[in-house]
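Note on naming: letters A, B, ... go to the chains in the order of the sequence lines (proteins, then strands), and numbering restarts at 1 for each one. The structure displayed is predicted, hence computed values, not measured ones.
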Amino acid sequence: MADTYNSDSEPTTRTLLRRVLDTADTRTPRRRRSARIGVQKARLEMPLSSPTKMNVSRRSQRARSIERLARVQTSGHLDEQTPRTLLKNILLTAPESSIMMPEPVVKPVPTPQVVQSSRRKSSQGSLELQLPELEPPTTLALGLLAPGRRKQRLRLSAFQQGVDQGLPLSQEPHGNANASSLTSSLNLTFATPLQPQSVQRPGLARRPPTRRAVDVGAFLQDLRDTSLVSPGDSLRTPVATLPTDTVLEDTQPFSQPLVGRSPSVYHSLPCLSHTEAEDAERAVSHRTQSSGPKLQNYNPGKQAQLLARKAKNVDAIAMSFPNKSSAISGEDGVDLLQDGIDEEAEERMEENLSVSEVMDTTGTQGSVRTENSKGYREMTEAVETNEPKGSSEDEDISDRRASPELASNTTQSPQARRPQFLEPAPPSSTAVLSSEPLSTRLPPRARAPGSRPRQDPHKTGLSHYVKFFSFCAKMPMEKKAVEMVEKCLDRYFQHLCDDLEAFAAHAGRKTVRPEDLELLMRRQGLVNDQVSLRVLVERHLPLEYRQLLIPCAFSGNSVFPAQ
Amino acid sequence: MAVSGVLSQRTHVRRKAPRAFLRRLFRRQKPRLRLETGGDLLVHLNCLLFVHRLAEESRMNAFENKDGVIKKEHVLAAAKVILKKSRG
């Protein structure tokens with residue numbers, strides 16, 4: 001404490017936040033941003049609760065070794081800037097995501113030597129938060145790792161939400177990390193064949209059939225044979241098959257933790273926090289998803305892509321395995337505890353960056369491909385309701401489906417034409433259904449024209465009154481009752497026509513006039529002295545018809561239904 | 001009503017008259033006669049009133065039998081009454 005206060009000796013820094021900053025510096029040298037900010041928040045919200053304890057315990061360990069270096073450098077840099085600007089910078093640049101979770105886990109671990117090295121950097125970093133200096137290798141590694149990890153966590157949560165909602169995530173912000181992750185994942189997949197196979201199985205199920213023909217058949221066959229399709233995966237598959245998602249997953253970095261995991265079993269850290277484990281698990285799940293579409297997308301397998309793959313393979317080979325593992329784990333931020341590997345991790349980062357450029361190009365190709373495949377998928381998904389089942393259940397079906405679809409298309413097209421000439425719509429649809437369950441997309445089209453020749457126009461006309469009957473009854477009614485009503489209506493119309501003919505004949509006319517109808521209704525008891533025909537018309541007919549029946553004066557001294 | 005043969009009550013009805021249907025019907029029944037303009041609308045009105053009365057009557061029958069669903073018998077019983085009433 002003493003050194004920092006000396007170095008920060010300016011009196012203008014009285015605010016509580018400032019003090020918090022200083023204390024945080026001394027305490028958490030390693031991951032300066034995250035730790036310090038976390039401490040800040042903790043302080044602000046519940047002052048001096050847990051972090052102070054940590055601080056005390058930690059201090060006793062480090063104090064001797066730390067103070068020398070800290071004094072030297074912090075005194076040099078801190079005087080230049082006012083602490084307020086420092087604090088502002090920190091607050092501005094610091095991500096708001098809560099880093100509270102990993103903090104307690106990571107803190108107790110570090111050993112004094114690490115503290116020293118990172119100590120220097122923390123003091124510097126407080127000055128130049130945005131631009132960490134590259135001179136001390138270890139510090140750089142730490143600085144890179146910590147924010148990288150934080151980002152990843154954010155991305156994970158966001159991605160999780162996106163998957164849950166089935167909404168596309170914005171891929172732009174991920175940028176390099178995505179590419180690097182892609183490279184890493186791809187590297188592993190191609191470099192170490194055994195592990196990724198098991199991982200990538202479920203994704204294969206989703207692969208649209210048409211593309212597989214072009215794919216590396218034998219390899220996938222092997223995969224398929226060994227594959228066990230889990231229901232959870234099958235549930236996930238539909239989400240993953242959304243076009244945007246596929247694109248996303250290609251570039252998603254989440255495969256890293258898993259990838260890191262397989263090699264990092266050596267590094268398996270006793271102090272892996274639950275969050276990390278969860279992340280890894282999630283990553284695994286996503287990995288399974290992402291790997292699937294990847295394969296799918298690559299399946300259309302154009303030459304260029306194969307070339308790209310080869311390039312990746314070369315890169316992968318270029319990295320030695322231990323290096324790779326360390327690099328990947330470093331990206332994950334899992335092995336913050338491994339001090340010796342940090343330098344290697346740094347190197348790996350650089351290499352990954354270089355590789356990532358390559359991968360960017362390849363990734364763009366892949367995305368284009370996925371977009372191409374989008375059309376297929378949308379078509380298939382839009383109409384095939386049972387597609388997820390079929391795809392997840394067995395890929396053999398998907399294979400079969402490819403050809404049968406075409407076949408069904410060809411078979412259905414004549415069927416669709418048929419009903420126009422002949423009218424058998426229902427048989428055609430049933431035939432289609434029986435022959436090809438998966439091709440449920442076309443039958444509706446076939447049905448639509450087929451259903452055109454309805455029953456009797458007479459019945460359709462009667463149905464209007466039947467509906468009115470059920471409306472007036474205000475009760476549910478049996479279908480037999482409906483038939484009965486239709487019968488009654490038939491009888492009624494017959495009577496009606498007979499009566500009208502009789503009235504018209506009695507008046508010596510061959511035209512049924514409204515008077516005849518009024519007379520009829522008067523005889524039926526509908527129209528009497530209290531209720532006139534016009535009243536009934538106004539009651540039961542809409543305005544358009546009333547205008548036609550009841551004479552009304554309009555502008556220009558005209559009466560519309562001319563009397 | 002979970003019974004498959006039961007149609008639920010309709011909440012909306014098109015008020016448009018099937019005029020062409022009515023004209024065709026009359027033409028088929030009485031080829032020599034002709035309906036004056038607006039005659040089909042009056043026929044439609046008459047038919048509406050008839051159906052209304054029929055529905056009311058069958059509803060009453062269903063209620064008398066303490067039945068929640070209008071059955072064929074109810075309609076039949078109502079039709080006997082209403083058809084007799086609506087004789088011209």
Side-chain angles (χ1 to χ4, degrees), chain A residues 457-458 460-462 464-485 487-489 491-504 510-514 516-521 523-526 533 536-537 540-542 544-545 548-549 561, chain B residues 1 3 5-18 20-22 24-26 28-30 32-39 41-56 58-59 62-63 68-76 78-79 82-83 85-88:
Chain A
H458 181 64
T460 62
L462 284 186
H464 178 272
Y465 295 105
V466 171
K467 288 172 188 170
F468 185 73
F469 178 90
S470 80
F471 175 74
C472 292
K474 299 166 187 161
M475 286 174 70
M477 55 188 295
E478 284 183 343
K479 283 184 179 175
K480 287 183 178 178
V482 171
E483 294 172 1
M484 200 65 209
V485 171
K487 236 185 238 176
C488 289
L489 278 173
R491 186 70 59 85
Y492 162 77
F493 277 121
Q494 204 172 339
H495 283 306
L496 182 87
C497 292
D498 290 342
D499 293 341
L500 287 181
E501 185 189 20
F503 294 155
K510 286 193 174 181
T511 303
V512 176
R513 306 205 60 195
D516 299 333
L517 275 164
E518 187 177 1
L519 176 63
L520 175 67
M521 294 170 81
R523 284 181 63 85
Q524 285 176 349
L526 297 172
L533 177 63
L536 284 179
V537 166
H540 294 92
L541 291 185
E544 308 91 60
Y545 297 148
L548 296 178
L549 291 177
Chain B
M1 295 301 157
V3 188
V6 173
L7 299 178
S8 62
Q9 172 201 348
R10 295 189 70 89
T11 55
H12 296 286
V13 163
R14 291 175 59 215
R15 304 196 69 190
K16 198 173 179 182
F21 163 73
L22 291 174
R24 212 183 314 131
L25 187 68
F26 191 78
R28 187 188 295 167
Q29 297 271 347
K30 307 292 171 192
R32 300 210 186 140
L33 289 182
R34 108 172 227 281
L35 269 179
E36 207 173 60
T37 53
L41 284 180
L42 287 177
V43 170
H44 173 68
L45 173 64
N46 198 350
C47 187
L48 282 187
L49 292 173
F50 164 76
V51 170
H52 189 76
R53 290 208 293 195
L54 185 66
E56 291 284 331
S58 53
R59 177 181 160 84
F63 270 131
V69 181
I70 293 180
K71 289 179 180 170
K72 183 180 175 183
E73 303 85 45
H74 306 150
V75 179
L76 192 59
I82 299 302
L83 278 178
K85 272 192 191 174
S86 59
R87 257 185 324 191

Just give me the residue among [options] that pairs up with chain A most often, heavy atom to heavy atom, under 4.5 Å.
options: B:Arg34, B:His74, B:Gln29; answer: B:Arg34
options: B:Leu42, B:Val13, B:Val43, B:Leu35; answer: B:Leu42
options: B:Ser86, B:Ser58, B:Ala20, B:Ala62; answer: B:Ser86

Discussion item. Applying side-chain contact (heavy atoms from CB on, under 4.5 Å) to A:Leu500 and B:Phe26, what does each step give before you reach the verdict?
Written reply: CA-CA 10 Å; A:Leu500 287 181; B:Phe26 191 78; 3.8 Å; yes
Discussion item. Once you measure the plane-to-plane angle for B:His44 and A:Tyr465, does it fall in the parallel (<30°), tilted (30-60°) or perpendicular (>60°) bin?
Written reply: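 Ring orientation of B:His44 relative to A:Tyr465: tilted.
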Pick one of side chain, backbone, both or neither for [X], based on which atoms fall under 4.5 Å of a heavy atom in chain A.
X: B:Leu83; value: side chain
X: B:Leu22; value: side chain
X: B:Arg32; value: backbone
X: B:Lys30; value: side chain

[X] versus [Y], closest heavy-atom pair with distance:
X: A:Leu517; Y: B:Gly39; answer: CD1-O, 3.3 Å
X: A:Gln524; Y: B:Asn46; answer: OE1-OD1, 2.8 Å
X: B:Leu48; Y: A:His540; answer: CD1-O, 4.0 Å
X: A:Cys488; Y: B:Leu54; answer: CB-CD2, 4.1 Å
X: B:Val75; Y: A:Phe469; answer: CG2-CZ, 4.2 Å
X: A:Leu536; Y: B:Leu45; answer: O-CD1, 3.9 Å

Discussion item. Quick check for you: to the nearest 0.5 Å, what is the distance between B:Glu36 atom CD and A:Arg513 atom CZ?
Written reply: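 Nearest 0.5 Å value for the CD-CZ distance: 4.0 Å.
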Worksheet item: Going from NZ on A:Lys474 to CD on B:Gln9, what distance comes out if it is rounded to the nearest 0.5 angstrom?
Response: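 With rounding to 0.5 Å, NZ (A:Lys474) is 8.5 Å from CD (B:Gln9).
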With respect to chain B, which residue among [options] yields the maximal number of heavy-atom pairs within a distance under 4.5 Å?
options: A:Val466, A:Asp498, A:Asp516; answer: A:Asp498
options: A:Glu501, A:Lys487, A:Glu518; answer: A:Glu501
options: A:Arg491, A:Arg523, A:Met484; answer: A:Met484

Does any heavy atom of chain B fall under 4.5 Å from the side chain of [X], the backbone, both, or neither of them?
X: A:Glu483; value: neither
X: A:Leu519; value: neither
X: A:Leu541; value: both
X: A:Val537; value: both

Item to complete: Please assess A:Met475 against B:Val69 for the test side-chain contact (heavy atoms from CB on, under 4.5 Å), listing each intermediate value before the final yes or no.
Response: CA-CA 6 Å; A:Met475 286 174 70; B:Val69 181; 5.8 Å; no
Practice prompt. List the steps, then state whether side-chain contact (heavy atoms from CB on, under 4.5 Å) holds for B:Arg53 with A:Leu526.
Written response: CA-CA 10 Å; B:Arg53 290 208 293 195; A:Leu526 297 172; 3.7 Å; yes
Expected output: side-chain [X] to main-chain [Y] donor-acceptor under 3.5 Å:
X: A:Tyr545; Y: B:Ala17; answer: yes
X: B:Arg10; Y: A:Cys472; answer: no
X: A:His464; Y: B:Lys16; answer: yes

Practice prompt. Assess whether side-chain contact (heavy atoms from CB on, under 4.5 Å) is satisfied between B:Leu49 and A:Met521, documenting all intermediate values.
Written response: CA-CA 10 Å; B:Leu49 292 173; A:Met521 294 170 81; 3.5 Å; yes
Worksheet entry | Ring-ring centroid check B:Phe21 A:His458, cutoff 6.0 Å |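 Ring centroids of B:Phe21 and A:His458 are less than 6.0 Å from each other.
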